[in-house]
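First the structure, in the form of structure tokens, and then the observations on it.
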Amino acid sequence: MSAGTSTALGDGTVGVDVGGTWLRVRTGDVTERRTAPSLLNHPGLSTSELTDLLLDELLLVAEPGGRVVVSLGAAMNDLTSRVYGSAPLWGDARLRRDLVGELRLRRPDTGWCVHNDVTCALADFAASVANEGHRHVGYLTVSSGIALKVADLPARRIVVDGNGLQGEVGHMKTPVPADVPYLLGLDCDCGGTGHLASISAGPAIPRVAKALGMSGFEPGTFAARLSANDPEAAALLRVVTYPVAEMIRWLWATQPLLDLLGIGGGVAEGLTEHFEHALHEHLEAETNYSDAGGVRGRSAIRVLRPGAVDPIRGAERMADGFLTVVTS
Ligand SMILES: [Zn+2]
């Protein structure tokens with residue numbers, strides 16, 4: 001498929017996007033949404049029961065001689081398809097089963113291509129900008145979690161570590177604005193504190209609002225309040241985008257080949273131009289003599305509009321070999 005905006009999959013391919021809330025299945029250009037078999041939706045079920053339900057859903061869409069391409073919202077080895085875990089899907093459980101191995105064993109007549117959802121989003125984003133002449137292109141998701149992946153676009157490669165991972169930045173310690181150091185004490189969904197995700201991820205934002213003394217903050221009205229120039233909402237946005245901007249500064253300082261970073265996910269896409277504006281404000285502030293902010297300029301980041309990047313289309317691009325995962 002070309003780098004267009006069509007979401008239709010090729011003949012014989014079924015695409016599945018497994019998230020914590022929804023499981024979306026696409027055949028051709030028809031996408032059906034089902035409740036995800038996740039801990040989030042079924043808090044009473046065990047990890048074993050939940051993984052059985054997920055396997056049943058995936059086996060159901062398999063066709064003899066066809067292939068199933070999956071974008072999986074879980075930390076996983078992108079080389080071997082071994083799945084490590086996912087807080088929305090299975091809580092803090094570390095998976096012992098080889099999910100993709102079981103799929104291949106039970107339905108060997110179907111081709112199974114399963115990748116991490118950020119990898120799939122990166123593939124779709126990179127394909128959409130493939131003709132713009134960038135060297136390295138990254139995709140950062142700011143949603144219920146925060147994660148990053150970077151591809152060497154001319155070589156069409158994603159380099160991962162020995163565990164098949166790259167860019168798991170969400171649970172790293174983060175700086176916060178100097179006037180609100182107490183935010184570092186807020187809990188993260190992983191059980192830690194002071195993490196990037198404990199300030200900037202979707203579930204963290206109401207907690208940050210409460211800590212800042214904003215009463216009655218509603219995530220659903222955040223964008224509307226920003227559009228209405230509500231100063232309290234603007235102050236909250238400045239705080240929750242600060243760690244993301246600092247992380248981008250680190251990237252710019254250490255990754256000279258990173259020409260473009262796409263930023264998607266529910267939080268970024270939900271606030272779009274507000275989110276982009278707040279990031280630019282942080283990045284254009286001078287912090288030290290080697291500051292890269294002014295050098296990279298506004299074109300080095302792109303906050304994506306809702307739906308601009310499609311993980312199922314990205315899963316198909318991975319299956320087609322648009323990007324290859326390698327260790328060196
Ligand atoms: Zn954390």
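In each ligand, atom 1 is the first atom listed, and ligand 1 is the first ligand listed.
The atom of His195 that is an N, O or S and sits closest to the Zn ion (ligand 1) is ND1. Shortest distance from the Zn ion (ligand 1) to His171 is reached at ND1 (N/O/S atoms only).
Within 6.0 Å of CG on Asp56 lie more than 12 heavy atoms contributed by other residues, nucleotides or ligands. Atom NE2 of His280 is surrounded by more than 12 heavy atoms from other residues, nucleotides or ligands within 6.0 Å.
The SG atom of Cys188 and the SG atom of Cys190 meet at the Zn ion (ligand 1) at an angle of about 110°, given to 10°.
Taking the centre and axis of the six-membered ring of Trp22, the NZ or CZ atom of Arg33 falls inside the cone set by 45° and 6.0 Å.
In this pair, Tyr139 and Phe125 present their aromatic rings tilted. The plane angle is within the 30 to 60° band.
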